[in-house]
Amino acid sequence: MKHWDQFLAPYKQAVEELKVKLKGMRGQFEMKSSHSPIEFVTGRVKPIASILDKANQKDIPLDKLEVEMQDIAGLRMMCQFVDDIKPVVELLRIRNDFEIVEERDYISHKKASGYRSYHVVIRYPVQTIQGEKKLLVEIQIRTLAMNFWATIEHSLNYKYSGQFPEDIRIRLQRAAEAAFRLDEEMSLIRGEIQEAQAFFSKKKEQQQDRKN
């Protein structure tokens, strides 16, 4: 493909617009002084080298990238608790500024590697000077513990080109289970955690008021 900058520009626009919109959802919870199921939002456009690697692995022709590669533009919505993930998915389902085309639940049905996350693939309309362009964007919703594991696994995957030594594979699976047990334990003391966080936030506001 020749003009990568031109090809990726609408994806970059989609990521920036969606980051603002999804972060705005968290802001609305904060204004209501209620618990936000969204901890933070990040986004990225897949590097060209990664696009080419995946196209090669999946036998996707370069002229079919727009319709066959779902994660050129990707966002992650982080949650504190596993129980926060479902409400976030519901919030995405009721939006009318994009269309959900696919959902993949890797939390109830984890991958063999131990990977857990909830994926929502959307078709998002980007307004360009050439007119509207509808792009596929993948949104991953996961806990902080799931994200920590996935980030490490992703790095190791590049190092070993997907062919993990057996001892590393087993240790990664154990680590994935440990991360999920951590999420389950945190869910059990969710009330205590949220109460402590509310107390800390109130105290911080009081200190700020005194300074002002």
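Note that this is a predicted model, so its numbers are computed, not measured.
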> Going through the checks in order, is the side-chain hydrogen bond (donor to acceptor under 3.5 Å, both in side chains) test met by Arg142 and Tyr115?
Replying inline: CA-CA 10 Å; Arg142 56 175 69 151; Tyr115 176 86; 2.7 Å; yes
Hydrophobic cluster identity match, [X] and [Y], side-chain contacts under 4.5 Å:
X      : Y     : value
Leu136 : Val15 : no
Ile100 : Met69 : yes
Leu92  : Phe29 : yes
Tyr106 : Val88 : no
Met25  : Ile85 : yes

>> So, using side-chain hydrogen bond (donor to acceptor under 3.5 Å, both in side chains) as the criterion, who are the partners of Glu132 when residues are at least two apart?
In response: Gln127
>> For Gln57, give me all partners under side-chain hydrogen bond (donor to acceptor under 3.5 Å, both in side chains), at least two apart in sequence or on another chain.
In response: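 Not a single residue meets the side-chain hydrogen bond (donor to acceptor under 3.5 Å, both in side chains) criterion with Gln57.
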> Salt bridge between Lys19 and Glu16, side-chain N to carboxylate O under 4.0 Å?
Replying inline: yes
> So Phe81 and His35, would you call those rings parallel, tilted or perpendicular, with 30° and 60° as cut-offs?
Replying inline: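 Correct class here is tilted.
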> Hey, are the side chains of Leu62 and Leu52 touching, using non-hydrogen atoms and a 4.5 Å cut-off?
Replying inline: yes
Is the backbone N or O of [Y] less than 3.5 Å from a side-chain atom of [X], with the two atoms forming a donor-acceptor pair by type?
X      : Y      : answer
Thr128 : Gln130 : yes
Trp149 : Leu172 : yes
Gln173 : Ala112 : yes

